[in-house]
Amino acid sequence: MKVTSSEIVISAVKPEQYPETDLPEFALAGRSNVGKSSFINKMLNRKGLARISSKPGKTQTLNFYVINEVLHFVDVPGYGYAKVSKSERAAWGKMIETYLTTREQLRAVVQIVDLRHPPSEDDVMMYDFLKHYEIPCIIVATKADKIPKGKWQKHLKITREKLNFDQNDHMILFSSETGLGKDQAWSILESYM
C-alpha cells in the first residue's frame, strides 16, 4: 500500500470514544519499548507521527490512526512495564481486553516482538489471549537489523517455539531502520481488509 495520508484521529479509553466508522482496524500490541512507534512510523512513512519515547509505558490510551481514509491502526498501551502501579496496569488490561474482544472492525492484531530476545512471559500471555479469542494475529519480529543475517532463522525458531506459534498465523521479519518486511507487512494487512 502506498500511504498518502495518515493522522491520529482520537485517543480513546472507552468504547463510546472509538471512531464511528466501518473502516477495518489493526491493533498494534507489544511490550513497552519494543518498537511499536517505530513500526507505525516506518509503515506510514512518517518520522514523528507516533511519538517515540525514551520512557517506556508512555502510551496510556488506545490511539487510532486513520490511513488513506481506508483503515485504522490502533496503538494499544505496551504491556509488561513495571513502573506503572498495579491498579493502573489492571485498568489498561481491562481497556485493551474490552477493545480486542468487542470491536467488530478489528481484523487482526499485529503483535510486535523483539527478534533479539526470546518472547517474554507477557508476549506469550498476549499471544495465548489472542489464540483463545480466535483473533487473527500477525507476529512482527522487529530489530532484525541488530542481528547478523545468518542468525535470523535461529532467532525466528526460538520465537516460534516460545510462543507455541500457530502455522496459520503470519510471522514477519522486520526492521524499522532498513524497511525490511514493510512490503510483506502491508500485503498481509491488505489480505485481511
Side-chain angles (χ1 to χ4, degrees), residues 10-19 23-40 43 50 56-65 71-143 155-174 181 185 188-189 191-193:
I10 191 165
S11 296
V13 288
K14 38 190 196 288
E16 50 271 27
Q17 296 171 323
Y18 302 163
L23 298 181
E25 292 174 2
F26 295 94
L28 305 162
R31 265 185 320 104
S32 291
N33 240 3
V34 77
K36 278 190 299 149
S37 298
S38 300
F39 173 80
I40 293 169
M43 290 293 285
K58 262 317 225 189
T59 304
Q60 300 185 7
T61 52
L62 302 169
N63 295 329
F64 288 78
Y65 297 88
L71 77 144
H72 282 124
F73 273 0
V74 185
D75 188 11
V76 307
Y79 49 77
Y81 185 56
K83 278 204 176 137
V84 177
S85 72
K86 267 208 167 80
S87 61
E88 225 177 329
R89 267 211 305 268
W92 288 359
K94 195 84 205 116
M95 174 179 70
I96 295 166
E97 190 174 325
T98 300
Y99 171 75
L100 294 178
T101 57
T102 63
R103 187 70 166 159
E104 283 176 27
Q105 293 86 333
L106 181 67
R107 296 291 181 266
V109 171
V110 176
Q111 185 179 359
I112 300 175
V113 298
D114 187 334
L115 184 66
R116 299 171 302 176
H117 311 290
S120 68
E121 288 311 309
D122 289 317
D123 290 327
V124 174
M125 237 160 45
M126 175 54 94
Y127 187 69
D128 289 348
F129 172 88
L130 297 172
K131 298 315 296 174
H132 175 78
Y133 284 101
E134 299 178 352
I135 300 168
C137 184
I138 303 156
I139 299 289
V140 170
T142 193
K143 308 194 188 211
H155 283 263
L156 284 171
K157 183 173 185 279
I158 292 167
T159 301
R160 280 192 194 94
E161 285 170 358
K162 185 93 165 101
L163 290 176
N164 194 11
F165 185 67
D166 179 345
Q167 293 309 315
N168 297 315
D169 290 330
H170 297 277
M171 188 174 289
I172 303 166
L173 203 56
F174 196 86
I188 292 167
L189 292 176
S191 75
Y192 281 102
M193 286 169 63

Search all heavy atoms of [X] against all heavy atoms of [Y] and return the closest pair with its distance.
X      : Y      : result
Ala108 : Leu106 : O-CD1, 3.5 Å
Ile172 : Ala185 : CD1-CA, 3.5 Å
Leu163 : Tyr127 : O-CD2, 3.3 Å
Thr159 : Val113 : CG2-CG2, 4.1 Å
Pro119 : Lys162 : O-CE, 3.1 Å
Gln167 : Arg160 : NE2-CD, 4.3 Å

So how far is it from [X] [atom1] to [Y] [atom2], rounded to the nearest 0.5 Å?
X      : Y      : atom1 : atom2 : answer
Phe165 : Lys131 : CZ    : NZ    : 8.0 Å
Asp75  : Ile112 : CG    : CD1   : 8.0 Å
Leu130 : Ile138 : CG    : CD1   : 11.0 Å
Met95  : Lys14  : CE    : NZ    : 11.0 Å
Leu71  : Met193 : CG    : CE    : 5.0 Å

Yes or no on side chain to side chain contact (heavy atoms under 4.5 Å, CB included) for Phe73 and Leu189, after CA distance, side-chain angles and deciding distance?
-> CA-CA 10 Å; Phe73 273 0; Leu189 292 176; 3.8 Å; yes
Audit row: His155, Leu173, side chain to side chain contact (heavy atoms under 4.5 Å, CB included) steps and yes/no | CA-CA 10 Å; His155 283 263; Leu173 203 56; over 6 Å; no
For the pair Met43 and Tyr65, evaluate side chain to side chain contact (heavy atoms under 4.5 Å, CB included) and give the outcome as yes or no after the intermediate values.
-> CA-CA 12 Å; Met43 290 293 285; Tyr65 297 88; over 6 Å; no
Looking at [Y], is its backbone amide N or carbonyl O close enough to the side chain of [X] to form a donor-acceptor pair, meaning the two atoms are under 3.5 Å apart?
X      : Y      : result
Arg103 : Thr101 : no
Lys36  : Val76  : yes
Asp128 : Met125 : no
Gln17  : Ser11  : no

Non-neighbouring partners of Glu97 that pass salt bridge (charged side-chain N to carboxylate O under 4.0 Å, His left out), sequence neighbours left out |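 Salt bridge (charged side-chain N to carboxylate O under 4.0 Å, His left out) check on Glu97 returns nothing, list empty.
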Lys143: what forms a salt bridge (charged side-chain N to carboxylate O under 4.0 Å, His left out) with it, not counting sequence neighbours?
->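 Listed in chain order: nothing, the list is empty.
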Should the ring pair Phe64 and Tyr18 be called parallel, tilted or perpendicular, given that the plane angle runs from 0 to 90° and is split at 30 and 60?
->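 Aromatic pair Phe64/Tyr18 classed tilted.
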Parallel under 30°, tilted from 30 to 60°, perpendicular over 60°: which one fits the rings of Tyr192 and His170?
->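 Taking His170 first and then Tyr192, their aromatic rings stand perpendicular (interplane angle over 60°).
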List the steps, then state whether side chain to side chain contact (heavy atoms under 4.5 Å, CB included) holds for Phe39 with Thr142.
-> CA-CA 8 Å; Phe39 173 80; Thr142 193; 5.8 Å; no
Heavy-atom side-chain contact between Val110 and Cys137 under 4.5 Å =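 Heavy-atom side-chain distance check fails, nothing below 4.5 Å.
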Contact check, side chains of Leu100 and Tyr133, non-hydrogen atoms, under 4.5 Å =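 No - every pair of side-chain heavy atoms lies 4.5 Å or more apart.
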Would you indicate whether Glu104, at its atom CD, is surrounded by more than 12 heavy atoms from other residues, nucleotides or ligands within a distance under 6.0 Å?
->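 No, because the 6.0 Å sphere around CD of Glu104 holds 12 heavy atoms or fewer from other groups.
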Only one of Ile158, Leu156, Val140 clears side-chain contact (heavy atoms from CB on, under 4.5 Å) with Leu115; which?
->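 Answer to the side-chain contact (heavy atoms from CB on, under 4.5 Å) test with Leu115 among Ile158, Leu156, Val140: Leu156.
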Is Arg31 paired with Glu121 through a side-chain N to carboxylate O contact shorter than 4.0 Å?
->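 Here Glu121 does not pair with Arg31 in a salt bridge, since their nearest N and O are not under 4.0 Å apart.
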